[in-house]
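See structure below.
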Amino acid sequence: MEPTPKLTPIVAIVGRPNVGKSTLFNRLIEKRKAIVSKKAGTTQDINFDHCHWRDQVITVVDTAGLDLTSSRATEENMRRQAELAMTKADIILMVVDVQEYPLPQDLALAKHLHKSKKKIVLVANKADNPTMRRRAKRAEWLKLGMGEPQAISAANGSGVGDLLDDLLDILIADGMTSRPLPEPDVKIAFIGRPNVGKSSLLNALAGEDRVIVSEVPHTTKEPQDTMLHYTEPDGTEHNILLIDTVGIRKKNRVKGGLERIGISMSVDEMEGADLAFLLVDAAEGIGTQERKLAGLIERKNVGVLVVVNKWDTSKENELGDGDKFRQNVYRELPFLKFAPVAFISAKTGNRVGKLLQYALDISRQRKREISQEKLDDFAETLKKKHHAIIGKSKDSNRPKVYGITQVGIEPPSFMVIANKRENVHPNFLKFVENRLRDEFGFEGTRIAVRSREIRSKTKD
């Protein structure tokens, strides 16, 4: 597995905290993906998406605010992330706040960028009116050694089109045009409480530090996407999109503002996912929060793999292969008994490589179609082996089942056809679901089983 090969030019947005980088990022990709706040340090990871302009596609990377005058550990982590983005970038946009003349942080960053030998475009943001646009022409900005900045307003879009025209002209002149973007075959959302290891797992799968990994809960403030190129043992190639969500805590512990917005965005991201990796801490086990998250996953109708992380630190790891822990998972989350359980260590990489194959297998189960011939045989077997619960036509209070047919996929959906729909008890439909699993598998995916009534024709 490896990151998807570069298909588009890359533009990295850098600057000191609170100059409007995330606002510009959202403006360029034309959606609200990065959390925007007046609070400095809101963005702590790199975030990327695609900008479409003049029939070309540009990958835009949003980075954390850089203060090279600070030596704090958190600043060092964010700097490492930004350095990674700048290393891969074809053009760097250095964003400054036109309402404030160059600060020491701006000067330190500009000096650092000159050493990169990359193409750099200076952007003066927050030029929301003519007065602010005139400030962009002041000589003070020349101290940065990048010429006169381009005045824009990321908030209202003023000047952004001209900026994109200039960027594209530079890229085309250098022969850097885009190729069609691949569609992901599978989208996987990472779900779990804070500090369970979601970001560590994403980094282990991607093979690079895509997001900041920290022992401080809730480091990730917004969902992160990474596309991987994965080849199965038989040579089949796939593009797999990984979505790292923020750690979701109990409602009474959720702080207002940024954290609440991030959680809302994570839930929205799961709407478009094919399956979820529900991460569980091997030391913490299954608690109230895991039960709530499992319920959320079930309601979203996505496939699910329970991933027990930090297994290398578990005492049970020394005693066996996790059977006891697995049974506890199913006991605590009975509505996810169809989900496989994988035991890994994101920190060491142990067993991580098997997860993407699990995901592809679950995705196939979600799309699986059973032929009507096999379903007819299945229904006949039910009648023969379990005739007592099928009911007899002479009993007016119990339904007579005529057959079962598949009516949809993702998740697989089946219809039980009976003579009296109101008498088809939910327990019977659950029984049919369990027998379908016994016969056809469907590991990792929910099954929907409903009933439909066939009314007998009345004689005139």
Donor-acceptor under 3.5 Å ([X] side chain, [Y] main chain):
X: Arg368; Y: Pro412; value: no
X: Gln406; Y: Ile370; value: yes
X: Arg446; Y: Gly303; value: no
X: Thr381; Y: Asp377; value: yes
X: Lys347; Y: Asn309; value: no
X: Lys367; Y: Ile362; value: no
X: Glu290; Y: Gly287; value: yes
X: Thr59; Y: Thr8; value: no
X: Lys118; Y: Ala89; value: yes

Using 0.5 Å steps for rounding, measure from the [atom1] atom of [X] to the [atom2] atom of [Y].
X: Phe442; Y: Gln365; atom1: CZ; atom2: CD; answer: 6.5 Å
X: Cys51; Y: Phe25; atom1: SG; atom2: CZ; answer: 10.0 Å
X: Leu66; Y: Met94; atom1: CG; atom2: CE; answer: 9.5 Å
X: Leu93; Y: Gln150; atom1: CG; atom2: CD; answer: 9.0 Å
X: Leu429; Y: Asn434; atom1: CG; atom2: CG; answer: 11.0 Å
X: Thr226; Y: Leu242; atom1: OG1; atom2: CG; answer: 6.0 Å

(request) Answer yes or no: is there an ion pair linking Glu439 with Arg435, defined by an N-O contact shorter than 4.0 Å? (result)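 No.
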(message) Under 4.0 Å between a side-chain nitrogen and a carboxylate oxygen: does that hold for Arg364 and Asp361?
(response)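 Yes, this pair counts.
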Pair [X]-[Y], side-chain donor/acceptor within less than 3.5 Å:
X: Gln357; Y: Glu232; value: yes
X: Thr23; Y: Asn26; value: no
X: Gln327; Y: Asp323; value: no
X: Thr177; Y: Gln56; value: no

Mind listing the closest non-hydrogen atom pair of [X] and [Y] along with its distance?
X: Ile92; Y: Ser116; answer: CD1-OG, 4.2 Å
X: Leu205; Y: Leu228; answer: O-CD1, 3.6 Å
X: Ala276; Y: Ile191; answer: CB-CG1, 4.3 Å
X: Ala346; Y: Ala204; answer: O-CB, 3.8 Å
X: Lys310; Y: Asp281; answer: NZ-OD2, 3.1 Å
X: Phe414; Y: Val407; answer: N-CG2, 4.1 Å

Among residues at least two apart in sequence or on other chains, which ones pass side-chain contact (heavy atoms from CB on, under 4.5 Å) with [X]?
X: Glu83; value: Arg79, Met86, His112
X: Thr348; value: Asp312, Ser345, Asn350
X: Asp97; value: Arg16, Val19, Gln99, Glu100, Lys126
X: Asn427; value: His425

(request) For side chain to side chain contact (heavy atoms under 4.5 Å, CB included), just list the numbers for Ile404 and Met415, CA-CA rounded to whole Å, side-chain angles, deciding distance to a tenth of an Å, and then say yes or no. (result) CA-CA 6 Å; Ile404 300 172; Met415 190 74 71; over 6 Å; no
Student check: side-chain heavy atoms of [X] and [Y] closer than 4.5 Å:
X: Leu436; Y: Leu375; answer: yes
X: Leu171; Y: Ile58; answer: yes
X: Val61; Y: Asn47; answer: no
X: Ile344; Y: Trp311; answer: no
X: Val11; Y: Asp90; answer: no
X: Ile417; Y: Thr405; answer: yes
X: Ile13; Y: Val60; answer: yes
X: Ile29; Y: His50; answer: no

(message) Check the orientation of Phe378 and Phe440. Use parallel for under 30°, tilted for 30 to 60°, and perpendicular for over 60°.
(response) tilted
(request) Check the angle between the aromatic planes of Phe190 and Phe277 and answer parallel, tilted or perpendicular using the 30° and 60° thresholds. (result)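 Judged by the thresholds at 30° and 60°, the geometry between Phe190 and Phe277 is parallel.
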(request) Report the C-alpha separation of Asp274 and Ser363 in whole Å, then their side-chain angles, then the decisive distance to 0.1 Å, and conclude whether the side-chain hydrogen bond (donor to acceptor under 3.5 Å, both in side chains) test is met. (result) CA-CA 7 Å; Asp274 298 298; Ser363 178; 5.6 Å; no
(request) Sequence neighbours left out, what pairs pass side-chain hydrogen bond (donor to acceptor under 3.5 Å, both in side chains) with at least one residue falling in residues 181-190? (result) none
(message) How about NZ on Lys354, more than 12 heavy atoms from neighbouring residues, nucleotides or ligands closer than 6.0 Å, or not?
(response) no
(message) Apply side chain to side chain contact (heavy atoms under 4.5 Å, CB included) to residues Leu356 and Ile188 and explain how you reach the verdict.
(response) CA-CA 9 Å; Leu356 296 184; Ile188 307 170; 4.2 Å; yes
(message) Checking Asn125 against Val96 for the side chain to side chain contact (heavy atoms under 4.5 Å, CB included) test, could you report, in this order, the C-alpha distance in whole Å, the side-chain angles of both residues, the deciding distance, and whether it holds?
(response) CA-CA 6 Å; Asn125 190 30; Val96 294; over 6 Å; no
(request) Verify side chain to side chain contact (heavy atoms under 4.5 Å, CB included) between Leu355 and Leu201, making sure each step is shown before the conclusion. (result) CA-CA 10 Å; Leu355 297 183; Leu201 177 55; 3.7 Å; yes
Listed pairs under 3.5 Å, donor-acceptor, residues 330-340 side chains, sequence neighbours left out:
from	atom 1	to	atom 2	distance (Å)
Tyr330	OH	Ala339	O	2.6
Arg331	NH2	Asn328	OD1	2.9
Glu332	OE1	Arg291	NH1	2.7

